[in-house]
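Order of the sequence lines fixes the chain letters, A, B, ..., with proteins taken first and strands second; residue numbering starts at 1 for each chain. Nothing here was measured: the structure is a model prediction, and the numbers come from that model.
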There are 2 protein chains.
Amino acid sequence: MTQATTIAERLGVLIKETQALLHQRMDERLRPLGLSVPQYACLTALHDTPGITGSELARRTFVSRQSTNVLLQGLEKRGLIERSPDSGPRRERATELTPEARSLLARARTQVAGVADAMTESLPAAELRQLEALLARCRDGLR
Amino acid sequence: MTQATTIAERLGVLIKETQALLHQRMDERLRPLGLSVPQYACLTALHDTPGITGSELARRTFVSRQSTNVLLQGLEKRGLIERSPDSGPRRERATELTPEARSLLARARTQVAGVADAMTESLPAAELRQLEALLARCRDGLR
DNA sequence: CGTGGTGTGTCAAACTATTGACATGACGCA
DNA sequence: TGCGTCATGTCAATAGTTTGACACACCACG
């Protein structure tokens, strides 16, 4: 059996497990709104940083810029975003949320906030901040 | 701009980011061995729990049992696993690692251990245990 | 006895994402 | 002024995954 799993390896599995559950819960709440988790992530980033470029969007949502491109095409067809046809400095197209997207995103945000609250409901604020700090150091160790 | 992102939501993004980086680093180290991350996860679970069923394997690796099935077919073709042709109590087929798989997995484990160490190198043992405990409570809050 | 419910394995189709490739435009630097 | 490098957007092909469906086999219960 020789498991010999270190605490570091167990932590890796735990990160994956928590992320998988989080994704699942978010998906359950976003699907009634007609949104997938990557779509929600895109709209959120677009909301927080208006006019952001597609490649930067891809980096923030942790997928390839090709995937982001087809995802944006879908959002555009649904009238949730508008992309300026004229290109900017580096051939980039400015992308903006439409009013419909803003109201949809507002509803989505309350759903996601509910999931996030469920995740952290058993943790006092102090421990929550500590968890964030510790996990950030793990992330930094990986890049 | 109205971000209003709570610490709980930031933590969700941080979990996703850390998991994405971890997956990327593991992939970089496993690919030279001819293994993908899901394949590594399968072999590890099979090693830790010999004779495990395919469905249980799917649950532990956080994917559908259909994906696990095609993954296992690939591993079988490569001679890394053997599946008993006769079915057990619930039509399940016992799956075992071959000797080649064991030696391959041993090398893969050292690679993954290196990644896990890099992730946690800046954390003392006490804080590492604390991180594990806190994250486990987040996971429990999600299910 | 049966009979509905549950768990398993597997196939096919649809979807999502990645990899590879190319054209375009900006920038630094000789 | 050229020229190599880099970043972006996009297309095509590929790989990986999920969804939906079906056939078995057990098991608890009437």
A.B. asks: Which nucleotide, C:dT8, D:dT17, C:dT18, lies nearest any side-chain atom of B:P38?
C.D. replies: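 Closest nucleotide to the B:P38 side chain: D:dT17.
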A.B. asks: Can a donor-acceptor pair be found, under 3.5 Å and without considering hydrogens, that links the side chain of A:E127 to the backbone of A:P124?
C.D. replies: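 The answer is no, because no donor-acceptor pair under 3.5 Å joins these two groups.
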A.B. asks: Students often get this wrong, so: under 4.0 angstrom with heavy atoms, is B:V63 touching a base, only sugar-phosphate, or nothing?
C.D. replies: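 Sugar-phosphate contact only - B:V63 comes under 4.0 Å of backbone atoms but never of a base.
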A.B. asks: Between the base of D:dG20 and the side chain of B:Q66, is there a donor and acceptor pair under 3.5 angstrom?
C.D. replies: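 Yes, a donor-acceptor pair under 3.5 Å.
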A.B. asks: What's A:S55 touching, base or sugar-phosphate or nothing? Going by heavy atoms closer than 4.0 Å.
C.D. replies: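 Here A:S55 touches the backbone only, sparing every base.
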A.B. asks: Rounded to whole Å, how long is the line connecting atom NE2 of B:H23 with atom P of D:dG16?
C.D. replies: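 Computing the B:H23:NE2 to D:dG16:P distance gives 11 Å.
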A.B. asks: Quick one: is B:R59 getting a side-chain N or O under 4.0 Å of the C:dT8 phosphate, OP1 or OP2?
C.D. replies: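 Checking B:R59 against C:dT8: at least one side-chain N or O falls below 4.0 Å of OP1 or OP2.
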A.B. asks: Over how many whole Å does the gap from A:R31 atom CZ to D:dT18 atom P extend?
C.D. replies: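 A:R31 atom CZ is separated from D:dT18 atom P by 12 Å.
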A.B. asks: Heavy atoms under 4.0 Å, any strand shown: does A:Q39 hit a base, just sugar-phosphate, or nothing?
C.D. replies: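 Here A:Q39 touches no strand at all.
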A.B. asks: Let me know the distance between CZ of A:R65 and C1' of C:dG20, rounded to the nearest Å.
C.D. replies: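 Rounded to whole Å, this separation is 11 Å.
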A.B. asks: Find the distance B:D27:CG to D:dG16:P and express it as a whole number of Å.
C.D. replies: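 In whole Å, D:dG16 P and B:D27 CG are 11 Å from each other.
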A.B. asks: Would you kindly confirm whether A:L33 and A:L22 end up in one hydrophobic cluster when ILVMFWY residues are joined by side chain heavy atoms under 4.5 Å apart?
C.D. replies: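 Linked within one cluster.
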A.B. asks: Using only atom types and a distance under 3.5 Å, with no angle test, would you say the side chain of A:T18 pairs donor to acceptor with the backbone of A:L14?
C.D. replies: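 Yes, the answer is positive, given that a donor and an acceptor are paired below the 3.5 Å cut-off.
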A.B. asks: Is the phosphate of D:dT10 approached by A:N69 (side-chain N or O, under 4.0 Å from OP1 or OP2)?
C.D. replies: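 The answer is yes; a side-chain N or O of A:N69 sits under 4.0 Å from OP1 or OP2.
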A.B. asks: For B:E56, report the nucleic acid contact type (base, sugar-phosphate, nothing); a contact means any heavy atom under 4.0 Å.
C.D. replies: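 It contacts nothing in the nucleic acid.
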A.B. asks: Atom CG of B:L57 and atom P of C:dT10: how far apart are they, to the nearest Å?
C.D. replies: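 Nearest whole value for this atom pair: 13 Å.
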A.B. asks: Tell me whether the OP1 or OP2 atom of D:dT17 has a side-chain N or O from B:S67 closer than 4.0 Å.
C.D. replies: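 No, outside the criterion.
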A.B. asks: Crowded around B:E82 CD? As in, over 12 foreign heavy atoms under 6.0 Å?
C.D. replies: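 Result for CD/B:E82: open.
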A.B. asks: Measuring to OP1 and OP2 of D:dG9, would you say a side-chain N or O of A:T53 lies under 4.0 angstrom away?
C.D. replies: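 It does, given that an N or O in the side chain of A:T53 lies less than 4.0 Å from OP1 or OP2 of D:dG9.
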